[in-house]
Asker: 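Here you go, one structure.
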Amino acid sequence: MEPDPSTSWYPVARSDDLPLRHVFQGELLGRELAIWRADDGFVNVWENRCLHRGVRLSIGLNEGRELRCQYHGWRYANRTAGCTYIPAHPADAPARVICNVTFPAVERYGLVWTCDSPGGVAPGDGPPVLAALEAAAPLGLRNLPVNAEPSTVLDELAAYAFVPTGLLAQRTAHDRPVAGSATLGTEELGAEVSVTDRGHSWIELTARMGEAASRVVLFVQPVDSARSVVRGVLAGGADGADGADGAGVHSPERDQMAVLRHHHRELSRLRDAIEDRAARRPSPVPMTPRLQQVRLRPAESALEHDRRDGGRRTGLRVSVARRWDTADAIVAFELRQLDGLLPTPRPGAHIDVELPNGLVRQYSLVNGPGETDRYLIGVKREPASRGGSACLHDTVIVGDVLAISEPRNNFPLRRDSFRTILIAGGIGITPLLSMAQALHWSGHTYELHYFAQSAGHVAFTEILDSLGPDVTTHLGLDPSGTGSVLTRLLSDPEDGGHVYVCGPGPMLDATRNTATTAGWPDHAVHFEYFTNATEIDSSSSFEVELARSALTLPVPAGSSIMDVLRANGVAVASSCEQGACGTCLTAVIAGEPDHQDVYLNASERRAGDRMAICVSRSRSPRLVLDI
Amino acid sequence: MMKIYDYELSVNCYKQRLLLGILGVPYESIPVDFFPGWEHKGEAFAEINPLGHIPVIDDDGYILRDAQAILVYLALRYDPSGLWYPVTDPRVAGEVASWMAFAEGTTNTASAARLHDTLGYPFDIDTVRAGAQKLFRVLDDHVWFHEQQERPWVASAPHPTIADLALFPDVMLSEQGGISLLDYPALRRWTDRVKHIPGFTVMSGIFPAPAGAAPAGAAPGGATVGRPR
């Protein structure tokens with residue numbers, strides 16, 4: 001095995017080692033792997049340890065879309081291995097940078113292949129393509145662990161002796177009952193076996209007897225310096241189509257078992273001999289896998305963009321893979337990364353989209369858990385559009401490239417609630433759909449109430465259908481009708497229950513008031529406004545002191561704190577810049593904020609320790625910020 | 001009520017709790033100070049079991065010792081379906097008995113390694129680990145070939161039997177004795193299936209299966225597992 005192991009592909013499992021909701025424990029070149037198939041079919045090959053306390057993820061729970069660590073319940077998303085939830089911090093979205101180490105995966109010849117190239121970046125050539133196995137459906141043999149050095153195992157496999165498939169099938173069918181088939185020996189039949197091809201980690205053998213011939217390829221998986229797994233694949237399957245003479249009249253299943261048992265018996269016999277010899281040699285030093293830092297950011301360009309643009313982040317490039325009318329005046333856009341993986345979104349997250357006309361708009365992601373190969377947004381054409389929704393509806397077509405930000409989550413979902421009530425009005429369904437899917441697929445109790453004008457205004461019905469009876473739509477209600485439904489839904493405030501609401505401003509206000517009246521505490525009512533409808537009063541002037549930057553700046557009437565900071569070279573993250581999204585929330589050390597946003601709730605406003613610096617100002621002459 | 005002389009960390013006691021939970025039979029656990037008190041080796045306990053082993057059950061005055069024997073009794077006495085020890089099918093019953101005997105072997109090797117590593121028992125650790133590896137190879141081969149024939153369980157019946165429960169804890173906790181299951185993927189899949197049996201209960205070190213879809217064949221009566229593609 002001479003070639004660079006980091007660019008060589010090896011089989012690490014059989015495809016059928018990954019049944020529904022299983023996590024396979026594997027190892028390659030001294031590195032343990034957790035391998036699992038998500039419900040969408042994607043095969044994940046990850047470093048086998050949780051980033052939190054190093055516990056093996058192979059004892060974790062495959063929830064179909066996310067893998068949950070058994071120890072403290074950290075959840076990681078299908079495909080990206082991005083951490084999506086930390087139970088010890090239920091009210092917070094985990095930092096975007098927490099991502100496990102992933103390896104590329106390819107399925108070929110009934111085997112799962114990977115290479116020791118972390119980050120999911122696959123060397124170009126892929127697993128070997130072997131003519132013998134391309135011809136007809138090959139049959140995977142029983143995998144065989146061998147306690148010996150991989151290179152020695154490969155050499156010794158040249159002595160593997162077996163009987164051509166067609167003869168095995170005939171003998172077992174005519175001469176022996178199935179129970180006796182396993183004792184059929186190579187010697188008694190006298191097949192001639194020769195090595196007919198060889199690669200750096202595999203060997204092809206051909207057995208001939210009279211007219212009959214069969215080929216087997218044996219792949220050697222280097223588990224560690226003194227441990228290997230032999231993974232055999234028989235060309236032509238169990239029917240002996242690979243050069244054998246005609247098959248008789250007998251059961252194909254019985255033939256297949258006889259063939260599998262024959263190879264397992266002969267390979268085991270060879271394995272015992274190889275292990276005997278290996279046990280007499282000094283044991284080599286175990287391999288040390290190369291550990292690398294967990295990758296910090298999926299797109300370096302995002303960082304660059306941050307610096308150039310004073311905190312705005314639209315450093316990702318995506319193309320529009322699909323667009324369709326999902327409801328009256330609502331268009332759905334499916335966005336795909338131009339190369340590599342998109343950052344992992346969490347339920348409730350939104351992205352900034354830079355439009356062709358230069359405007360920047362925020363859209364919530366509709367993605368379900370583990371749906372990490374695309375971003376899905378729904379855009380409603382606003383009658384009073386200032387150019388955002390109209391531009392997307394009228395000019396953006398499939399194939400267009402858009403600049404977007406990484407997903408940001410200021411509307412995070414708790415996944416420890418005994419009862420979760422999701423309330424959506426109109427296009428406000430988008431973040432709540434992503435939450436509902438997360439709760440649905442991890443088996444939590446929740447209800448989703450979707451208020452819409454008519455059946456034609458109900459968006460993403462295919463996702464709603466997949467959620468089943470936990471979804472209720474309320475159609476064509478006027479404000480008072482909506483009010484009485486809300487009163488009924490929220491009539492029973494519960495300890496440990498949580499309410500999430502998104503929709504038009506008046507409906508949000510009504511929901512929040514109804515919840516407060518019914519006795520729901522502020523901290524249990526979560527909301528997200530799309531826009532801040534309050535008229536911003538920017539007539540005050542005051543001084544802002546930046547405690548960490550040691551700067552004091554005057555904020556004149558007509559300028560926001562954010563404008564002043566950026567004009568003075570202080571980068572601050574922002575998104576909506578109208579006091580709705582919460583991205584620019586900043587800690588207040590001293591002074592009395594003049595809140596003008598719609599992000600903070602009443603008790604957060606009273607506390608006065610955080611403020612949205614894009615619109616909020618100061619009641620006191622001096623404000624000290626933790627920047 | 002049924003009483004078990006019980007120790008939380010004992011795999012042989014856990015087997016009984018597992019079957020009783022699956023069958024829905026109420027029982028009272030009588031804790032035995034196995035470690036560090038060695039109560040099962042004391043004079044008082046010798047009255048109950050002169051061999052000084054747990055578990056022992058006391059079912060309304062009927063006293064029975066030996067982990068595998070108790071499984072047989074509980075299945076025959078409390079399982080109206082007759083599936084857990086299917087004596088009406090001589091071949092399956094024979095297989096169950098043979099795998100129950102195999103479980104004695106895993107107790108003497110995998111369990112011994114676990115007692116060595118966790119409670120400091122003076123076993124020759126290399127010998128017991130090697131013995132367990134040898135048995136696990138046999139069991140993994142057996143389970144793999146059964147999977148190829150769409151047989152999800154240790155015996156060839158389409159439903160689990162007490163043989164599965166007799167073997168499950170030693171396999172599941174083998175890592176505590178320094179025996180990795182990395183080389184036995186078929187055993188790891190089979191333990192997933194056992195965890196999906198309705199009424200499954202856990203013990204320290206054994207976690208429940210995820211909610212949601214059960215692997216094919218896990219529910220009693222189901223019989224399918226994936227075939228090679």
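Every value quoted in this text rests on a predicted model; they were computed, and no experiment measured them. Chain naming here is simple, since letters A, B, ... match the order of the sequence lines and numbering starts at 1 in each.
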Asker: Could you tell me which non-hydrogen atom of A/Leu61 sits nearest to which non-hydrogen atom of B/Ala209, and how far apart they are?
Answerer: CD2-C, 4.1 Å
Asker: Kindly indicate, with the supporting measurements, whether the criterion side chain to side chain contact (heavy atoms under 4.5 Å, CB included) is fulfilled by B/Asp183 and A/Glu27.
Answerer: CA-CA 10 Å; B/Asp183 283 343; A/Glu27 190 172 349; over 6 Å; no
Asker: On a heavy-atom basis, which atom in B/Leu181 and which in A/Gln25 lie closest, and how many Å separate them?
Answerer: C-OE1, 4.1 Å
Asker: Return yes when atom CZ of A/Phe418 has more than 12 non-hydrogen atoms of other residues, nucleotides or ligands closer than 6.0 Å, and no otherwise.
Answerer: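 Open.
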Asker: Report the distance from atom CG of A/Asp224 to atom CG of B/Leu182, rounding to the nearest 0.5 Å.
Answerer: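 Output value for this atom pair is 10.0 Å.
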Asker: To the closest 0.5 Å, what do you measure between CG (A/Asn147) and CD (B/Gln133)?
Answerer: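 That separation rounds to 7.5 Å.
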Asker: Run the side chain to side chain contact (heavy atoms under 4.5 Å, CB included) check on B/Glu175 and A/Arg56 step by step: do they pass?
Answerer: CA-CA 12 Å; B/Glu175 300 252 358; A/Arg56 286 193 173 99; 3.3 Å; yes
Asker: Any cation-pi pair here, B/Arg188 with A/Phe24, using under 6.0 Å and within 45°?
Answerer: no
Asker: With a 4.5 Å cut-off on side-chain heavy atoms, are A/Arg261 and B/Asp141 touching?
Answerer: no
Asker: Strictly below 4.0 Å, N to O, side chains only: are A/Arg21 and B/Asp192 in salt-bridge contact?
Answerer: no
Asker: To check you understand the geometry: which heavy-atom pair defines the closest contact between A/Gln70 and B/Pro208, and what is its length?
Answerer: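 Heavy atoms of A/Gln70 and B/Pro208 come nearest at NE2-O, 4.4 Å.
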Asker: With a 4.5 angstrom heavy-atom cut-off, which part of A/Ser268 approaches chain B: side chain, backbone, both or neither?
Answerer: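 Neither part.
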Asker: Rounded to the nearest 0.5 Å, how far apart are CD of B/Gln148 and CG of A/Asp16?
Answerer: 6.0 Å
Asker: Answer yes or no: does atom OH of B/Tyr121 have more than 12 heavy-atom neighbours from other residues, nucleotides or ligands under 6.0 Å?
Answerer: yes
Asker: What distance do A/Leu260 atom CG and B/Phe145 atom CZ have between them, rounded to the nearest 0.5 Å?
Answerer: 6.0 Å
Asker: Could you give all pairs that pass the ring-ring contact (aromatic ring centres under 6.0 Å, His included) test and reach residues 87-115 of chain B, with sequence neighbours left out?
Answerer: B/Trp99-B/Phe102, B/Trp99-B/His142
Asker: In Å, rounded to the nearest 0.5 Å, how long is the span from CZ of A/Arg271 to CZ of B/Arg137?
Answerer: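 Reported value, rounded in 0.5 Å steps: 3.5 Å.
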